[in-house]
Amino acid sequence: VDFRKLVIVGDVGSGKTQIIKTLSEISPFLTDEKSSIDIGKQYTTVGIDYGRIVLGENIALGLYGVPGQERFSFVLDSVRESLWGILFLVKYGEPINSKNIDRLVNYFNPLEKNTAVVVAITHCDADHQQDLGDFSLDVQNVFKAHGLDAPILDLDARDWESCSLLLHTINALNQYD
Ligand SMILES: Nc1nc2c(ncn2[C@@H]2O[C@H](COP(=O)(O)OP(=O)(O)OP(=O)(O)O)[C@@H](O)[C@H]2O)c(=O)[nH]1
Ligand SMILES: [Mg+2]
């Protein structure tokens with residue numbers, strides 16, 4: 001069986017754990033714990049969340065959700081290599097954490113390793129002062145500064161179709177490079 005790895009990174013509360021809950025065909029291994037510091041929600045990922053789906057005959061995809069809080073970033077070392085793709089989640093309505101994006105891009109180095117990168121904007125269902133289109137352009141520019149021309153999609157991490165479309169986008173990137 002061909003086993004591929006998708007790593008899901010991004011801000012606290014952006015929906016990394018939720019995507020795994022939505023997509024995984026096995027009951028996911030989740031590492032949510034009550035956060036000891038105030039991050040605006042009760043539970044946060046402290047290890048690697050894991051889910052798995054079948055992509056095709058003899059192809060399995062492992063979904064790895066890493067913690068959004070930087071203090072847990074040492075766990076990234078176990079999901080750094082041989083990636084099928086990196087999914088960056090950005091939460092609409094919050095200031096873009098470009099420092100964190102920079103840190104992750106430098107860490108995974110997708111340009112050099114030719115790893116597919118897709119960016120998804122979550123929480124688009126809520127209204128915010130900044131127009132969603134403008135927000136997306138700002139996000140795009142953060143990646144462009146790294147020479148990455150990554151597709152940017154709107155995503156509802158709770159919605160299976162929305163998450164599936166995203167996988168198709170990553171699949172397409174892997175076929176045409
Ligand atoms: N309305 C809405 N809620 C969402 C969306 N994506 C995720 N959520 C919800 O936002 C909350 C936080 O999502 P999580 O998946 O726990 O966030 P996370 O990225 O894993 O956060 P950390 O593990 O703390 O880094 C959950 O209640 C999700 O169901 C979205 O697109 N729209
Ligand atoms: Mg989480």
Side-chain angles (χ1 to χ4, degrees), residues 5-53 61-80 83 85-105 107-108 117-140 142-143 150-170:
K5 291 196 278 186
L6 176 68
V7 141
I8 305 165
V9 301
D11 305 329
V12 167
S14 58
K16 301 175 297 295
T17 298
Q18 181 63 54
I19 288 189
I20 293 176
K21 285 186 187 166
T22 302
L23 279 178
S24 185
E25 292 164 354
I26 59 167
S27 98
F29 180 77
L30 302 178
T31 61
D32 268 2
E33 296 285 348
K34 262 200 175 125
S35 183
S36 56
I37 58 171
D38 185 8
I39 54 166
K41 60 176 188 142
Q42 211 177 2
Y43 287 91
T44 191
T45 298
V46 299
I48 306 246
D49 290 338
Y50 175 70
R52 188 178 190 273
I53 64 174
L61 177 68
L63 308 165
Y64 297 86
V66 306
Q69 294 191 56
E70 195 172 338
R71 63 193 172 120
F72 298 122
S73 51
F74 57 88
V75 306
L76 263 65
D77 288 345
S78 59
V79 290
R80 192 178 192 171
L83 299 179
I86 307 168
L87 171 59
F88 279 84
L89 297 189
V90 180
K91 187 173 174 180
Y92 177 46
E94 282 186 5
I96 299 167
N97 191 345
S98 52
K99 256 202 185 142
N100 198 38
I101 295 172
D102 292 345
R103 177 179 71 87
L104 289 162
V105 169
Y107 178 83
F108 285 106
V117 173
V118 170
V119 182
I121 312 235
T122 56
H123 295 261
C124 301
D125 44 298
D127 279 330
H128 295 287
Q129 218 164 25
Q130 190 184 14
D131 174 72
L132 180 58
D134 293 340
F135 183 80
S136 301
L137 284 177
D138 287 351
V139 171
Q140 191 169 42
V142 177
F143 287 88
I152 305 206
L153 308 176
D154 295 347
L155 175 78
D156 187 334
R158 302 163 302 173
D159 179 61
W160 184 84
E161 303 224 344
S162 189
C163 293
S164 286
L165 181 65
L166 200 102
L167 293 184
H168 284 288
T169 305
I170 302 171

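Atoms within a ligand are numbered from 1 in the order they appear, just like the ligands themselves. When reading the values below, keep in mind they use all heavy atoms of this one structure, side chains included, and skip hydrogens, waters and symmetry mates. The structure presented is a predicted model; accordingly, all values stated were derived computationally and were not measured.
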> How about the Mg ion (ligand 2), which protein N, O or S atoms come within less than 2.8 Å?
Replying inline: T17 OG1, T45 OG1
> Is a side-chain donor-acceptor pair under 3.5 Å present for T17 with D49?
Replying inline: yes
> Can you check whether L6 reaches L167 side chain to side chain, under 4.5 Å on heavy atoms?
Replying inline: yes
Quick check on ligand 1: any N or O pairs to the protein under 3.5 Å? One line per pair.
{"from": "ligand 1", "atom 1": "1 (N)", "to": "D125", "atom 2": "OD2", "distance (Å)": "2.8"}
{"from": "ligand 1", "atom 1": "1 (N)", "to": "R158", "atom 2": "NH1", "distance (Å)": "3.4"}
{"from": "ligand 1", "atom 1": "1 (N)", "to": "R158", "atom 2": "NH2", "distance (Å)": "3.4"}
{"from": "ligand 1", "atom 1": "15 (O)", "to": "T17", "atom 2": "N", "distance (Å)": "3.2"}
{"from": "ligand 1", "atom 1": "15 (O)", "to": "Q18", "atom 2": "N", "distance (Å)": "2.8"}
{"from": "ligand 1", "atom 1": "16 (O)", "to": "K41", "atom 2": "NZ", "distance (Å)": "3.2"}
{"from": "ligand 1", "atom 1": "17 (O)", "to": "G15", "atom 2": "N", "distance (Å)": "3.3"}
{"from": "ligand 1", "atom 1": "17 (O)", "to": "K41", "atom 2": "NZ", "distance (Å)": "3.4"}
{"from": "ligand 1", "atom 1": "19 (O)", "to": "S14", "atom 2": "N", "distance (Å)": "3.3"}
{"from": "ligand 1", "atom 1": "19 (O)", "to": "G15", "atom 2": "N", "distance (Å)": "3.0"}
{"from": "ligand 1", "atom 1": "19 (O)", "to": "K16", "atom 2": "N", "distance (Å)": "2.9"}
{"from": "ligand 1", "atom 1": "19 (O)", "to": "K16", "atom 2": "NZ", "distance (Å)": "2.7"}
{"from": "ligand 1", "atom 1": "20 (O)", "to": "T17", "atom 2": "N", "distance (Å)": "3.0"}
{"from": "ligand 1", "atom 1": "20 (O)", "to": "T17", "atom 2": "OG1", "distance (Å)": "2.8"}
{"from": "ligand 1", "atom 1": "21 (O)", "to": "G13", "atom 2": "N", "distance (Å)": "2.9"}
{"from": "ligand 1", "atom 1": "21 (O)", "to": "K41", "atom 2": "NZ", "distance (Å)": "2.9"}
{"from": "ligand 1", "atom 1": "23 (O)", "to": "T45", "atom 2": "N", "distance (Å)": "2.9"}
{"from": "ligand 1", "atom 1": "23 (O)", "to": "T45", "atom 2": "OG1", "distance (Å)": "2.8"}
{"from": "ligand 1", "atom 1": "24 (O)", "to": "K41", "atom 2": "NZ", "distance (Å)": "3.0"}
{"from": "ligand 1", "atom 1": "24 (O)", "to": "T44", "atom 2": "OG1", "distance (Å)": "2.5"}
{"from": "ligand 1", "atom 1": "25 (O)", "to": "K16", "atom 2": "NZ", "distance (Å)": "2.8"}
{"from": "ligand 1", "atom 1": "25 (O)", "to": "G68", "atom 2": "N", "distance (Å)": "3.0"}
{"from": "ligand 1", "atom 1": "29 (O)", "to": "Q18", "atom 2": "OE1", "distance (Å)": "2.7"}
{"from": "ligand 1", "atom 1": "31 (O)", "to": "H123", "atom 2": "N", "distance (Å)": "2.9"}
{"from": "ligand 1", "atom 1": "31 (O)", "to": "L155", "atom 2": "O", "distance (Å)": "3.4"}
{"from": "ligand 1", "atom 1": "32 (N)", "to": "D125", "atom 2": "OD1", "distance (Å)": "2.9"}

> How are the rings of Y64 and Y50 set relative to one another: parallel (under 30°), tilted (30 to 60°) or perpendicular (over 60°)?
Replying inline: tilted
> Which atom names give the shortest non-hydrogen contact between L83 and V79, and what distance separates them?
Replying inline: CD2-O, 3.4 Å
> Do R158 and D125 pass the salt bridge (Lys or Arg N to Asp or Glu O under 4.0 Å) test, and can you show the C-alpha distance, the side-chain angles, and the key distance before you say yes or no?
Replying inline: CA-CA 11 Å; R158 302 163 302 173; D125 44 298; 3.4 Å; yes
> Between atom CG of L153 and atom SG of C124, what is the distance when rounded to the nearest 0.5 Å?
Replying inline: 10.0 Å
> Per the side chain to side chain contact (heavy atoms under 4.5 Å, CB included) rule, which among L155, L89, D154 passes with I121?
Replying inline: D154
>> Quick one: does any side-chain atom of D11 pair with a main-chain N or O of S14 as donor and acceptor, under 3.5 Å?
In response: no
> Which atom names give the shortest non-hydrogen contact between F143 and I101, and what distance separates them?
Replying inline: CZ-CG2, 3.5 Å
